[in-house]
Amino acid sequence: MPHSLPAAFMLAALALIGEPLLAQSDPSAQVESLQHELHACLVEAEEDLDAMLACADTVEAGWREQVERLTGRLDRALGEEARDALVLSEQAWQASREADLTLMEAYHAQLQEVELVMPGMLELSHQLQRNAIFEARANLLLRLLDGLGSLPDPDLPPSSS
């Protein structure tokens, strides 16, 4: 005799299973998932700065991975000339990113010197700003991919239709 589960339970279970699967194939869903993950984690952490910092740190790794994934996907979708431009853009972004990170380090060090911010909040602010750099790049790459939406996805096998 088959098991009988309430329909609401089944729908909730499918939603929980389906969301990660959708996020794996849809770059927009992946970006939204990271944003949601950070928000949910910060809410759960309440006022525990160490927990909040751990949330932001974990999400930075997700943003880094997302930037790499989107860059690779865009690289596979572009023609040769546009791919060359993407390589130059990536190099310029990496240099700019490093300059921005250096600026943030100096900025936060100065705030700490004059004791304008609690040390734990300073670390969290710094980490959230690091995340914002990677999130901005991921959003740019996503917009470029969205512009290519009518092209076939190079990550999927060709359709047989």
Side-chain angles (χ1 to χ4, degrees), residues 11-45 49 51-112 117 121-161:
L11 289 174
L14 287 173
L16 289 173
I17 293 168
E19 184 178 329
L21 293 176
L22 175 63
Q24 289 174 6
S25 62
D26 180 3
S28 295
Q30 292 170 346
V31 166
E32 289 173 15
S33 177
L34 283 170
Q35 293 165 339
H36 176 72
E37 178 184 338
L38 178 60
H39 176 74
C41 188
L42 291 175
V43 167
E44 186 177 311
L49 287 176
M52 294 171 86
L53 186 57
C55 293
D57 189 51
T58 299
V59 171
E60 179 190 346
W63 283 121
R64 285 177 180 266
E65 182 180 310
Q66 186 66 11
V67 166
E68 288 178 29
R69 184 179 298 120
L70 290 169
T71 300
R73 189 166 175 183
L74 189 57
D75 181 68
R76 290 185 300 277
L78 295 173
E80 184 178 347
E81 187 176 330
R83 257 194 319 274
D84 292 343
L86 177 63
V87 168
L88 292 175
S89 173
E90 183 69 16
Q91 291 169 347
W93 176 72
Q94 288 174 0
S96 174
R97 177 190 72 200
E98 292 308 313
D100 287 346
L101 292 173
T102 299
L103 171 61
M104 282 190 308
E105 290 284 339
Y107 173 77
H108 285 101
Q110 186 172 348
L111 286 178
Q112 192 168 11
V117 181
M121 287 300 289
L122 194 62
E123 291 174 35
L124 179 59
S125 171
H126 179 72
Q127 184 59 54
L128 291 172
Q129 288 181 10
R130 289 177 61 84
N131 290 7
I133 290 171
F134 290 98
E135 182 178 3
R137 182 65 178 185
N139 283 322
L140 169 66
L141 296 169
L142 184 60
R143 283 192 305 276
L144 293 173
L145 277 169
D146 284 347
L148 298 173
S150 61
L151 296 177
D153 184 344
D155 293 337
L156 298 176
S159 67
S160 58
S161 53

Scanning both residues in full, the closest heavy-atom pair of Leu53 with Glu123 reads CD2-OE1, 3.3 Å
Sorted by first residue and then second, give each salt bridge (charged side-chain N to carboxylate O under 4.0 Å, His left out) pair with at least one member in residues 126-144; sequence neighbours left out.
Glu60-Arg130, Glu90-Arg137
Check: Ser125 side chain, Met121 main-chain N or O, donor-acceptor pair, under 3.5 Å:
no
Atom CG of Asp57 and atom CD of Gln127: how far apart are they, to the nearest 0.5 Å?
5.0 Å
Residue pair Ala138 / Val67: nearest heavy atoms and the distance that separates them:
N-CG2, 3.8 Å
Looking at Gln94, I want to see if its CD is surrounded by more than 12 non-hydrogen atoms of other residues, nucleotides or ligands under 6.0 Å.
yes
Taking side chain to side chain contact (heavy atoms under 4.5 Å, CB included) as the definition, give me every residue that meets it alongside Gln91, ordered by chain and number, with sequence neighbours left out.
Val87, Leu88
Please check: side-chain N/O of Thr58 versus main-chain N/O of Ala54, any donor-acceptor pairing under 3.5 Å?
yes
If the condition is side-chain hydrogen bond (donor to acceptor under 3.5 Å, both in side chains), which residues does Glu65 pass it with, not counting sequence neighbours?
Arg69
Could you list the residues that satisfy ring-ring contact (aromatic ring centres under 6.0 Å, His included) with Trp93, not counting sequence neighbours?
Phe134
Pairing residues for His39 by the ring-ring contact (aromatic ring centres under 6.0 Å, His included) criterion, not counting sequence neighbours:
none
For the student: nearest non-hydrogen atoms of Asn131 and Ala56, plus distance:
ND2-O, 3.0 Å
Rounded to the nearest 0.5 Å, the CG atom of Leu78 sits from the CG atom of Leu145 at a distance of 8.0 Å
Distance (rounded to the nearest 0.5 Å) between Arg73 CZ and Gln66 CD
9.5 Å
Heavy-atom distance under 4.5 Å between the side chains of Leu74 and Leu148, does that happen here?
yes
Decide yes or no for Leu144 and Leu70: does some side-chain heavy atom of the first lie under 4.5 Å from some side-chain heavy atom of the second?
no
Exam field: side chain Asp75 to backbone Leu86, donor-acceptor pair closer than 3.5 Å:
no
List the atom pairs, with distances to 0.1 Å, where a side-chain N or O of residues 96-107 and a protein N or O form a donor-acceptor pair under 3.5 Å, not counting sequence neighbours.
residue: Thr102; atom: OG1; partner: Glu98; partner atom: O; Å: 2.9
residue: Glu105; atom: OE2; partner: His126; partner atom: NE2; Å: 3.1

